[in-house]
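Have a look at the structure below before the remarks.
Order of listing sets the numbers, starting from 1, for every ligand and every atom in it. Below, each value reflects all heavy atoms present in this structure, side chains not excepted, and no hydrogens, waters or symmetry copies. Numbering starts at 1 and runs along the sequence shown.
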Amino acid sequence: MVNQDRLADVFKMLVQIDSVSRKEGAVAKALKEIFESLDGEVVFDGAGSEVGGDTGNLIAKFKGSEPGVEPLLLNAHMDTVQPGEGVKVLFSEGTFTSNGETILGADDKSALAVLIEALMVLQEKKVPFGPLEIVITVCEEVGLLGAKHLDYSMLTARYGYSIDATDTEGIVTQAPAANHVQFKVHGRDAHAGAAPEKGINAIQLASKAISEMRIGRIDKETTANIGLIQGGTATNIVPALVTVAGEIRSHDPMKLEAETQRMLQVFERHVSGYRKSFPSEDGLPKLDVDVYEDFSVLHISDDHPVVTLATEAASNLGRHMAIKISGGGSDANIFYGHGVVTAILGTGMKDMHTVRESIRLEDLVRSAELLLEIIQLHAKKG
Ligand SMILES: [Zn+2]
């Protein structure tokens, strides 16, 4: 039922519309027109102004032919990473790529094309389907900002799918929670040659703390990273300030908290230790800590309807869906945190966030076939 050529054309059309994060307006407009032409009711929420972008999240509702059925959420994101402007799409041996100067944008326009193809088939073949709530977010790539600012009162669906992963034969049901941490170590500036003894070297103090930290893989379900360091002004000045930022992820909220506290304590120990050893009137060195939850955990049990619906749909097509665990966070974590149980499906995209990004047309077709079967089976089950 899936029209391969039409799917390929829609995909090519979408990747050639620039939509890097915060500049998704043009692709939002194109999507609105398509969804409306398929009898969807399209609105935008106010997330655009909150994240400093040129459009909000797009919410398209389709009544379907079976109004008694529970609504199903379908989600993808419309923004892409850089270099993502002026994409020239190539197609050879069944595979889409860019010309090597930009990303392709299959992340996540492959999902948009798959969604649109499924909707077109539903309409064209008059396939019975239940209400669909489609949420296309902005700014996923810059911290899941669209999903974080989404107006959830606009949704009634209690479960559904985010289409934003690689494997067409897998469903992601678990992803870790993450905390973001930032440490500012305030030392004291001084002339590095004339009076170094008057200074407190913030860079050295921070490096002592970092060198004692547990980072990398902590255990099977927990990781930690220091990813950013910034400080100092000149080689002849004892640096008065250094900023260090990192993250901790875990599938276990207790471990997430414990590991975050551990990082914090290492910094506190070093800074307060210095203060005790070398007391001064200005109370330096000082530490400012900023910790916030970047995203909460995604943990869907294997017997939840959102999982069984997808695995049954796959087996109707003679395929087998593997239940998968992810190490990353996505819009699905945010939806799940707001009570909408969201599992993640894949489209076959590869090497995302690089200029080597690619996707096979065959995988786009497989992804669309599965989504169609899920939507039909959902309507049958009521
Ligand atoms: Zn993505």
Heteroatom test (N, O or S) for Asp108 near the Zn ion (ligand 1), limit 2.8 Å:
no
Measuring from the Zn ion (ligand 1), name the closest N, O or S atom belonging to Asp107.
OD1
If we count only N and O atoms by modelled type, under 3.5 Å, do the side chains of Asp164 and Ser330 hold a donor and an acceptor together?
no
Below 2.8 Å, any N, O or S contact between Glu141 and the Zn ion (ligand 1)?
no
So, of the N/O/S atoms that Asp164 has, which is the nearest one to the Zn ion (ligand 1)?
OD1
Against Leu112, only a single residue in Leu14, Ile34, Val10 fulfils side chain to side chain contact (heavy atoms under 4.5 Å, CB included); can you say which?
Leu14
Is the shortest side-chain heavy-atom distance between Asp219 and Lys255 below 4.5 Å?
yes
Hydrophobic cluster partners of Val340 (side-chain heavy atoms under 4.5 Å)
Val43, Ile59, Leu73, Val135, Leu144, Leu150, Tyr152, Met154, Leu155, Phe295, Ile334, Phe335
